[in-house]
Amino acid sequence: MFSVLSYGRLVARAVLGGLSQTDPRAGGGGGGDYGLVTAGCGFGKDFRKGLLKKGACYGDDACFVARHRSADVLARPRLRDRRPTGSREPPDSPAVFFRRLDGVADGVGGWRDYGVDPSQFSGTLMRTCERLVKEGRFVPSNPIGILTTSYCELLQNKVPLLGSSTACIVVLDRTSHRLHTANLGDSGFLVVRGGEVVHRSDEQQHYFNTPFQLSIAPPEAEGVVLSDSPDAADSTSFDVQLGDIILTATDGLFDNMPDYMILQELKKLKNSNYESIQQTARSIAEQAHELAYDPNYMSPFAQFACDNGLNVRGGKPDDITVLLSIVAEYTD
């Protein structure tokens, strides 16, 4: 179900929710490099539990964690295997949402209806991003550049790789102690400090249940299938501190668990050893998975649907992938 993803030797002296002796605010210096201790967990929406490996998928989700001498990089796309968007009108039936359709009411089939494996697009996008990082072909302060180069490589394939995906990339610059992010669509991240959310990504939607996304469509569907530029991704940069918790996830988590529930689960993270991070990541993914199939639960997704004039209740069955990281001292 889960695995710990860690790179280099990380010494976590930070006390969660408080100050560390190595935190510069506590007068302890804190001038060394930072790194991330990361664990991952997830579920495919078809109930199959899978082991998370580098570049692998939970259902149609994919992710990678890569280390370079200058930075740690987390990334996660969210495959949009809903129906290619042939209409700009919002759907008119609650059933549409639970069938994972993207804003259409005309019965146009999804990528699988065209004989396309939706996970190939997101998986290849992440594997390309991972390779670029390992080859050092990136600038830590420009995660959009990683996404742009990867997407351009997919566009240049002799045999087009059809599909659509959202993406969220998080880069920790070891030396400057700054986190640089790029988020396109409705995957995203939270940064938690002292039990409170201090930073979070902004969800990007064209309209209800239709997030920004990278797409490659067959020639006959170009201009019909919704496709955004990597440059449209929301980009942020900010300082992090030892002990900060970074949660990166697909919309399967955020559509089923509001922030206060996530924070309750993060309180179980008592220290920064691998086992504690691993257990907490699993706990968050499991709770989101259970809520996704509760027909009486007023999920964030259902609330958002109601805000858009739709009578919807219950969780949202979906692929769920969670990466949970703690900022720690790095030594190599």
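Throughout, numbering of the chain's residues begins at 1 and tracks the sequence.
- Atom CZ of residue Arg127 and atom CD of residue Glu153 lie 12.5 Å apart, to the nearest 0.5 angstrom.
- Heavy-atom contacts from other residues, nucleotides or ligands closer than 6.0 Å to CD of Glu220 number more than 12.
- Across all non-hydrogen atoms, the minimal contact from Pro258 to Tyr297 is CD-OH, 3.4 Å.
- Nearest heavy atom pair, residue Lys268 against residue Ser283, reads NZ-OG, 3.5 Å.
- Among the candidates Thr166, Asp234, Asp231, Leu214, the single residue satisfying the side chain to side chain contact (heavy atoms under 4.5 Å, CB included) test with Leu184 is Leu214.
- Interatomic distance, Asp244 CG to Asp239 CG, rounded to the nearest 0.5 Å: 10.0 Å.
- Rounding to the nearest 0.5 Å gives a distance of 5.5 Å between CZ of Phe304 and CD of Gln205.
- Note on Val139 and Ile144: separate hydrophobic clusters, where clusters join Ile, Leu, Val, Met, Phe, Trp and Tyr whose side-chain heavy atoms are under 4.5 Å apart, directly or indirectly.
- In this structure, CZ in Arg178 is found 9.5 Å from OG in Ser141, a value given to the nearest 0.5 Å.
- Annotation: the span from Leu155 atom CG to Ile216 atom CD1 amounts to 4.5 Å, rounded to 0.5 Å.
- Between His199 and Phe238, the ring planes lie parallel to each other; the angle is under 30°, not in the 30° to 60° tilted range.
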Trace of the ring pair (Phe, Tyr, Trp, His ring centres under 6.0 Å) decision for Phe189 with Phe254 = CA-CA 10 Å; Phe189 69 89; Phe254 299 118; 9.1 Å; no
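- With Leu179 as reference, Val191 is the one residue of Val171, Val191, Asp72 to meet the side chain to side chain contact (heavy atoms under 4.5 Å, CB included) rule.
- Hydrophobic clustering (side-chain heavy atoms under 4.5 Å, transitive across Ile, Leu, Val, Met, Phe, Trp, Tyr) keeps Met298 apart from Tyr260.
- Ring orientation note: the planes of His206 and Phe212 are close to parallel, at an angle under 30° on the 30°/60° scale.
- Contact between Ala281 and Ala39 at its shortest, heavy atoms only, is CB-O, 4.2 Å.
- Using a 30° and 60° split on the angle between ring planes, Tyr34 and His177 fall in the parallel class, below 30°.
- The only option from Cys129, Ser187, Ser235 that meets the side chain to side chain contact (heavy atoms under 4.5 Å, CB included) definition with Ile169 turns out to be Cys129.
- Between the CG atom of Leu132 and the NE2 atom of His68 there is a distance of 11.5 Å, given to the nearest 0.5 Å.
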